[in-house]
Every structure is written in C-alpha cells, then in structure tokens.
Amino acid sequence: MNVLGIETSCDETAVALAREDGVLLANAVRSQIARHGAYGGVVPEIAARAHVETLPDVLRHALGEAGLQWSDIDAVAATRGPGLATSLTVGFQAAKALALRLGKPLLGVHHLEAHLFSILLGPDRFAPERVLPALVLLVSGGHTALVLFEGAGRHRLIAQTVDDAAGEALDKGAKLLGLPYPGGPEIERLARGGNPGAVPFPRGDVHNARRDIRVSHPEYCYSFSGLKTALLYYLKANPITPDDPRLSDLAASYQQAVVDTLAIQVERALRETSVRSLGCAGGVARNAALRGALSAIATKRGIPFLAAAPEVCTDNAAMVAALGAALLASGAEPTPFDADILPHWPL
Ligand code: KG4
Ligand code: ZN
C-alpha cells in the first residue's frame with residue numbers, strides 16, 4: 001500500500017510517499033523562507049498563496065521521485081491541524097480532491113502527532129514495539145511539549161509551554177540580536193566557539209508558571225517569556241553592534257539557557273515515567289547542543305535516544321504519510337469528506 005502525504009500547516013509546502021510498512025519512497029519539501037524573511041516571520045496570506053502556487057509542482061516532483069503513477073496511490077493523508085487556517089486549507093482541500101478523484105480514503109492527521117511519529121523514521125527505522133512508549137520532547141517554532149508517545153493515535157500530553165515555544169524564544173532572541181529569520185539555526189551558527197557561561201540567563205522558572213492548563217503534569221511545564229525579556233534588558237544595558245566579538249558568547253549563553261530549560265524538565269519527567277526511550281522531534285530538534293544534552297540524559301537512564309533525522313525535524317510530509325500509513329494499518333476510520341480543518345486542534 002502506498003500513502004500520499006501532504007503538509008501545508010505553515011510555510012513549507014511538502015509532499016511525501018510512504019509504504020504501509022513505513023518505508024519512505026519520496027520526501028519533497030519546498031521552503032518559503034525567502035518570501036517571509038523580509039518580514040521577520042511567517043505572513044499567513046503570503047504562505048497560503050505560495051502553497052497554491054507550489055503544491056502541484058511538489059506533488060509531481062514527489063511522484064516522480066517515488067517512480068509511481070496516480071493509480072498506485074492507495075490513500076491520501078494530509079495535515080488537518082493545528083496550524084495557519086489559510087495554509088492548512090490549501091493542502092487539506094487538495095488532499096480531498098485527490099482522494100475523491102482517485103476513489104481512495106482520506107486521512108486528516110494531527111501535525112504534532114506526525115512530528116511524534118518522525119522519531120520512528122529515517123534510514124535505521126526503529127521497530128515501534130522495541131522503543132515505545134517513548135517520552136518525546138516536541139520542540140518547534142509554535143509548540144513545546146512533553147508527550148508520552150505509545151503509537152499511532154495513542155499519546156498523552158504530559159506538559160507544555162505556558163507562554164512562548166522554544167523555537168519562538170530562539171526566533172525572537174535572534175531578532176533582538178539583529179539576526180535573520182528563522183533564528184534557531186542563526187543562533188546555533190553564531191554560538192559555535194562562544195562561551196555558553198558568559199551571560200547568566202534565567203532557566204525558565206516553572207514555579208511561576210500557570211497551573212491551569214490541561215496537561216497531566218503541570219509541574220514539568222515550560223516558560224520561555226522571561227528569557228526573551230532578560231535578553232532585551234541585557235541588550236539595553238550592554239548595546240552590541242553586529243560585528244561585536246561578544247555576540248558569539250551572547251548567542252551561546254542564550255542557546256544554553258534554552259537547552260538547559262528544556263533538559264531540566266525532561267530529566268525530571270523521566271524519573272517518574274516508565275518509558276523504553278527518549279525522543280526529540282520538531283524544528284528545534286535539529287540543534288546539536290540540545291541533541292547532545294538529551295542524548296546524555298538518555299545514556300544516564302540507560303535508554304536509547306531517538307532524535308528525529310534532521311530532514312524530518314522541520315516541517316515535512318514524510319511524517320504525515322508515515323503516520324497516515326500506520327493509522328490505516330491500525331484500522332483507523334478514514335476522515336469524512338465534509339471534515340473541516342482544525343487550526344487549534346489540541347493534542
Ligand atoms: O517544526 P518547524 O519547522 O515548524 C513549526 O512547526 O514551528 O520548526 C521551526 C523552528 C523555528 O523556530 C527555527 O528557528 C527552529 O525550528 N530551528 C532551530 C534549528 N533549526 C530550526 N532551532 C535551533 N537550532 C536549529 N539548528
Ligand atoms: Zn511543525
């Protein structure tokens with residue numbers, strides 16, 4: 001069985017093909033970063049219109065890469081939410097049209113659940129029964145959460161950020177430092193060679209965090225808004241120019257504060273959760289300092305560390321197609337054709 005996956009929840013136009021057993025046949029992604037860069041963030045209308053323009057070509061490209069014909073497609077999976085409403089609409093409507101025309105089932109999938117699934121992808125794919133349940137740190141530009149991941153369609157939200165996401169903290173911090181969008185990779189590049197102990201930024205103080213959000217363990221929740229404010233005040237007191245040699249120390253210290261904040265809660269949660277592995281997924285999972293910190297924690301616990309492969313950390317359709325295939329294999333019901341997108345779909 002071949003499953004076509006479509007992802008357009010934000011600013012990547014992505015199409016992939018996965019076999020029922022999870023093997024990827026194609027993984028095509030077209031980034032829109034160049035179109036949004038000048039605005040310092042994603043502009044929803046520009047994103048949606050770029051998806052309209054680009055999606056047909058990315059679809060053709062993915063089919064070609066897989067060496068498949070339309071008639072070889074057995075199901076169509078697409079991100080139904082959460083995400084930007086106008087962006088989601090383009091991919092989800094295209095998926096409906098394709099599924100209707102091909103007479104195949106439609107699967108509307110949850111974007112974050114697809115990110116969870118990305119820890120199982122890649123060249124040395126892990127057998128789910130060997131590594132699940134996993135404690136997964138989901139870190140992207142829009143989300144930061146700790147999730148108990150048990151399999152396709154089975155997961156529990158343990159904790160999440162009460163304010164900014166980790167990627168958002170990096171993006172906003174980068175903007176304050178005069179770096180382009182997206183800020184995460186820029187900060188990582190600048191942090192190389194810098195001293196992570198140079199500036200004592202706060203590690204997200206969860207004691208001040210709101211306790212009223214719907215998670216199973218509010219005590220493991222994250223907070224990043226104080227960090228961004230600390231950088232703002234630091235820069236007011238210590239103005240810095242773009243070629244200032246201290247910039248590298250500053251980036252390294254800021255990155256370390258984000259990594260430590262994430263790692264502290266993971267370590268705490270692991271002490272009280274019985275899992276077979278520790279996973280990390282989402283755009284920020286590309287960060288080498290974060291991967292290193294989490295890998296050390298997993299080693300200390302004697303469990304494997306499953307970091308999503310770099311090419312499936314940022315938004316992609318491989319995770320959507322593979323989750324769609326796993327859902328079908330597990331007997332999940334197809335999504336009805338009158339289903340709407342769910343921009344605020346909770347995990
Ligand atoms: O998962 P993603 O592509 O999109 C969302 O669903 O949000 O994640 C994008 C986020 C951005 O905040 C970006 O700055 C961050 O991932 N990111 C990184 C790195 N690469 C991307 N953060 C830290 N280090 C990186 N190497
Ligand atoms: Zn994402």
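Numbers here simply count residues along the sequence, with the first being 1. In listed order, ligands and their atoms are each counted from 1.
- Within ligand 1, counting atoms from 1 as listed, the ones closer than 4.0 Å to a heavy atom of Gly167 are 12 (O).
- A donor-acceptor pair shorter than 3.5 Å can be found between the side chains of His111 and Glu7.
- Distances shorter than 4.0 angstrom occur between a heavy atom of His111 and an atom of ligand 1.
- Not a single heavy atom of Gln255 sits under 4.0 Å from any atom of ligand 1.
- The shortest contact between atom 10 (C) of ligand 1 and any protein heavy atom is with Gly141 N, 3.5 Å.
- Residue contacts with ligand 1 for His115 involve side-chain atoms from C-beta outward but no N, CA, C or O (heavy atoms, distance under 4.0 Å).
- Residue Gly283 holds the heavy atom nearest to atom 20 (N) of ligand 1 of all those in Gly184, Gly283, Ala285.
- A salt bridge links Lys172 to Glu168: at least one charged side-chain nitrogen sits closer than 4.0 Å to a carboxylate oxygen.
- When ring centroids are compared, Tyr39 and His36 stay outside the 6.0 Å threshold.
- Remark: ligand 1 atoms within the under-4.0 Å shell around heavy atoms of Leu170 are 22 (N), 23 (C).
- Between the side chain of Thr54 and the main chain of His51, no donor-acceptor pair closer than 3.5 Å is present.
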>> salt bridge (Lys or Arg N to Asp or Glu O under 4.0 Å), that's the test. Do Glu267 and Lys300 meet it? Break it down for me.
In response: CA-CA 10 Å; Glu267 196 157 23; Lys300 213 156 84 183; 2.7 Å; yes
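- Ion pairing between Glu53 and Arg49 fails under the 4.0 Å rule for side-chain N and carboxylate O.
- With Ser223 as the fixed residue, the side-chain hydrogen bond (donor to acceptor under 3.5 Å, both in side chains) test singles out one of Asp164, Thr261, Asp163: Asp163.
- Between Gly142 and ligand 1 there is a heavy-atom distance shorter than 4.0 Å.
- At distances below 3.5 Å, not a single donor-acceptor pair connects side-chain atoms of Glu12 with backbone N or O atoms of Gln32.
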> Given Asp57 and Arg30, is the salt bridge (Lys or Arg N to Asp or Glu O under 4.0 Å) satisfied, shown in steps?
Replying inline: CA-CA 10 Å; Asp57 192 46; Arg30 204 71 54 83; 3.2 Å; yes
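- The backbone N or O of Met319 sits less than 3.5 Å from a side-chain atom of Asn316, completing a donor-acceptor pair.
- Nearest protein heavy-atom neighbour of atom 4 (O) of ligand 1: Asp315 OD2, 3.4 Å.
- Given atom 25 (C) of ligand 1, the protein heavy atom at minimum distance is Glu188 OE1, 3.7 Å.
- Around the Zn ion (ligand 2), the protein contributes the following N, O or S atoms at distances under 2.8 Å: His111 NE2, His115 NE2, Asp315 OD1.
- Asp340 and Arg80 are not joined by a salt bridge, as no carboxylate oxygen comes within less than 4.0 angstrom of a charged side-chain nitrogen.
- Relative to atom 11 (C) of ligand 1, the option among Asp171, Asn316, Thr314, Asn287 with the closest non-hydrogen atom is Asp171.
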